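Quick notes on the structure that follows.
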Amino acid sequence: MKRFKWQITLGVLLIVMAAAIYGLQILIFHNAHETFFLIFQDLAFMPVHFLIITLIVDQLLNVREKRAMMNKMNMAIGVFFSEVGTYLLKSISGFDQNIEKIRNDLLVTPEWTDQRFSTTINNLHQYNYHINYAKNEMVSLKDFLSAKRDFLLRVLENPNLLEHETFTELLWAVFHLSEELAVRQDLLNLPEEDENHLAGDVRRAYIGLITQWLAYMRHLKKEYPYLFSLALRMNPFDPNASVTVK
């Protein structure tokens, strides 16, 4: 009851004020009939007025809730790239035999527009991701993902990411790759068919990583220029990348 005390007080106060104003109107104009007519006219419109206000408020609340959810979602995505994604992109790009064909397209700059991001993402859908099975690098990748297993599980449990279908698919692709590598004791002496299978798993995660990384970079450019600046200096596709501001 204490929780709604101020609302009840405000409601009573507003009703008393309305009654006082109507009473004052009767005293001044001496026309109670017209005053009561206007009161009923206002009451007749109240359901429509309530409906309009409810729809507007509901829409505003939905927009606000969606914005808050998107902010939380992008925070989770940012943590993912800080902890796992950026390293994976830099590591897996070394498996890509054709990386030099797209490297320049992935060197994001402050001048990039929304259209440039969209065009790059669309062009990459046509790119032939040819992943080569590199034995020693695959062992390093296994060790890294094994160390990040608990982190990946926590990210997968984040309810804010359930609405982001493409990022969720990326998480499952990375987690699946981690599982595939974890269950193999010796990655240096696998049959060629199994190597090709693992290369396919790496490719699936790699495609999702690049697409989501570009989408995340676009978000940072719009909303957080200072984080975007750091992300530019840590670009996993730039061999000359340096966090030092020059």
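Computed from a predicted structure; not experimentally measured.
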Main-chain N/O of V174 paired to S178 side chain as donor or acceptor, under 3.5 Å: no
Side-chain (T120) to main-chain (R116) donor-acceptor, under 3.5 angstrom: yes
Audit row: R154, E157, salt bridge (charged side-chain N to carboxylate O under 4.0 Å, His left out) steps and yes/no: CA-CA 5 Å; R154 290 197 301 272; E157 294 170 355; over 6 Å; no
CA sep, side-chain torsions, deciding dist, call: T113, Q115, side chain to side chain donor-acceptor pair (under 3.5 Å): CA-CA 5 Å; T113 62; Q115 182 60 44; over 6 Å; no
Would you say the ring centroid of [X] lies under 6.0 angstrom from that of [Y]?
{"X": "F237", "Y": "W213", "answer": "yes"}
{"X": "F167", "Y": "F80", "answer": "yes"}
{"X": "H219", "Y": "Y224", "answer": "yes"}

Audit row: Q212, T166, side chain to side chain donor-acceptor pair (under 3.5 Å) steps and yes/no: CA-CA 8 Å; Q212 290 304 309; T166 53; 3.0 Å; yes
For L177 against L198, the heavy-atom pair lying closest together: CD1-O, 4.5 Å
Minimum heavy-atom distance L170-L209, with the two atoms named: CD1-N, 3.5 Å
side-chain hydrogen bond (donor to acceptor under 3.5 Å, both in side chains), paired with Y127, selected from D96, D105, N98: D96
Trace of the side chain to side chain donor-acceptor pair (under 3.5 Å) decision for R103 with S93: CA-CA 9 Å; R103 189 184 298 279; S93 63; 5.6 Å; no
Nonpolar side-chain network containing L107, other nodes, edges under 4.5 Å: none
Stepwise side chain to side chain donor-acceptor pair (under 3.5 Å) test for E180 and H176: CA-CA 6 Å; E180 289 276 3; H176 175 73; 3.1 Å; yes
Any pair counted as salt bridge (charged side-chain N to carboxylate O under 4.0 Å, His left out), so long as it reaches residues 220-235, sequence neighbours left out: D114-K222
Distance (rounded to the nearest 0.5 Å) between I131 CD1 and E195 CD: 14.0 Å
Within one Ile-Leu-Val-Met-Phe-Trp-Tyr cluster: V84 and L230, side-chain cutoff 4.5 Å: no
